[in-house]
Structures are given as structure tokens and as C-alpha cells.
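Just so we're on the same page: letters track the sequence lines, and every chain starts at 1. This is a predicted model, so every value here is computed, not measured.
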Amino acid sequence: QKEVEQNSGPLSVPEGAIASLNCTYSDRGSQSFFWYRQYSGKSPELIMFIYSNGDKEDGRFTAQLNKASQYVSLLIRDSQPSDSATYLCAVNIGAGGTSYGKLTFGQGTILTVHP
Amino acid sequence: DVKVTQSSRYLVKRTGEKVFLECVQDMDHENMFWYRQDPGLGLRLIYFSYDVKMKEKGDIPEGYSVSREKKERFSLILESASTNQTSMYLCASRRLDGLAYNEQFFGPGTRLTVL
């Protein structure tokens, strides 16, 4: 089992719809969770992070974390064509030692928002 | 404005050549990382460093080495380049201060082609 898995995609949604991106992780000791967006030919950029159970909202984006189910998701409301990108889930696995600062990434989900 | 820079955006090398990829960050971050990114395989960690002269293998270190002589600079070395090392290489840095939600910043990437 991979440490971090994302829904395989690609995901296609119409403009204005809600896009739902999902991620599961295997290590129960994981502490924090990140969503990165990567446009084609560009490097990843952080959208948001979450470390407490529940929802965290930032504009059109909502991150949801359920540590009991080892599940984190990203909802994009009112999706726009400019949201079309690859979305990467990343998890801070490890509570100490030299690996403390290392993020483990999922394989990414390609999202296309069509007009 | 925080910045991670990489020495080249595009690089073409021949099989068997020794290749150096340089990365510099100006944020005084302790952690630095080298990834490669290939379609369908996501971001794969090659090596990371948590301090000057300190390094740890990531998931795919074979065929690569690294050097960190100064805190701000992290170099990836391909001792004898092979065609299967053709890829996008991404450098990243992250503060290590006990906060599990620190953002990881990426450089623009180097697209390496080995002929």
C-alpha cells in the first residue's frame, strides 16, 4: 500500500460545479496535510494546509480532514477553468528524527474544468 | 519574496556525462530536497538534506548523489547520466523548527534530457 494515495482521475467538472479531490494516507502518526496545485510546466504551489480534524475554508477552497478514517479532501467550489491543474496531496509523516521535515506526496490528480 | 532557484530550466546532456544540478534558497531553511517528476509517477524523492553536510536517501537514490557544503545550496549530481534519467527535476526547501505545518517551497524545475 502506498503511503499517500489520491483518487486516480483525471477529473473533469463543468464550470461552476464543485470539484472534490480525495487523498488517503497510511501512517496514523501523520500530523499535517497539504494541498499543492501544479499548472502544466510549472512547479507546485501551496493552496492550503490542515492539521486538525474538521473543515478549513479559504475562499473557494475547503480542506477536510478525518484522522480516524485517515482521509483528507479538497473541495473547490464554483470551479473555474483557471483551476485546471494537477493537485497534489502531501502528508508530513513522522513525528521526529531527521525525517521530521519530509513531506510524502501522492501521485496527483489532474483536474479539468470545462466551460 | 521567498525564493528557490535552480541553475538551469532546460539541460541536454549525453549518456555517460557527469551532470550537476544546482539549487539555492534564500530563506535560511534547514531542509532541502531533490525530486524527480515523471508523468503518471508523481513526485519521487531522490535525496534530502536536513543540515549542512548531512543527507539522507529518499525513495529513488540510485544513480544520484548530492552535496550540501553551504546551508543555502544543495546540489544533485548524476555521476554518469543515462537516458532513464531524462526527467523534470525539482528542488525544494522547508523550515525545520518543530512546526509540522511549515510550507515547502519549490524551485522552477530543470527539465533534463539525456541523449
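- Under the side chain to side chain contact (heavy atoms under 4.5 Å, CB included) criterion, A/Thr104 pairs with A/Glu3, A/Val4, A/Ile93, sequence neighbours left out.
- Using a 4.5 Å cut-off between side-chain heavy atoms of Ile, Leu, Val, Met, Phe, Trp and Tyr, with links allowed through other members, B/Leu76 and B/Leu43 fall into different hydrophobic clusters.
- Residue B/Arg44 qualifies as enclosed at atom CZ: its count of foreign heavy atoms under 6.0 Å is above 12.
- The shortest side-chain heavy-atom distance between B/Leu90 and A/Gln38 falls under the 4.5 Å cut-off.
- Not a single salt bridge (charged side-chain N to carboxylate O under 4.0 Å, His left out) links B/Glu72 to another residue, sequence neighbours left out.
- Contact annotation for A/Ile110: neither backbone nor side-chain heavy atoms come within less than 4.5 Å of a heavy atom of chain B.
- Here the shortest heavy-atom pairing between B/Phe106 and A/Ser43 reads CB-CB, 4.0 Å.
- Within residues 45-63 of chain A, the residues having any heavy atom less than 4.5 Å from a heavy atom of chain B are, in residue-number order, A/Leu46, A/Phe49, A/Tyr51.
- Between A/Phe105 and B/Gln37, every side-chain heavy-atom pair lies at or beyond the 4.5 Å cut-off.
- B/Ile46 and B/Leu21 fall within a single hydrophobic cluster, where Ile, Leu, Val, Met, Phe, Trp and Tyr side chains are chained together by heavy-atom contacts under 4.5 Å.
- Closest approach of A/Leu103 to B/Tyr35, counting heavy atoms only: O-OH, 3.9 Å.
- In the hydrophobic cluster analysis, where Ile, Leu, Val, Met, Phe, Trp and Tyr join through side-chain heavy atoms closer than 4.5 angstrom, B/Tyr64 is grouped together with B/Trp34.
- Hydrophobic cluster membership differs between B/Val19 and B/Met88, with clusters built from Ile, Leu, Val, Met, Phe, Trp and Tyr side chains linked at under 4.5 angstrom.
- Contact record, B/Phe48 with A/Lys102: CE2-CD, 3.8 Å, taken as the closest heavy-atom pair.
- Among the residues in residues 65-80 of chain A, none has a non-hydrogen atom closer than 4.5 angstrom to a non-hydrogen atom of chain B.
- B/Gln104 places none of its side-chain heavy atoms less than 4.5 Å from the side chain of A/Asn92.
- Linking ILVMFWY side-chain heavy atoms closer than 4.5 Å, directly or via other members, places B/Tyr89 and B/Ile60 in a single hydrophobic cluster.
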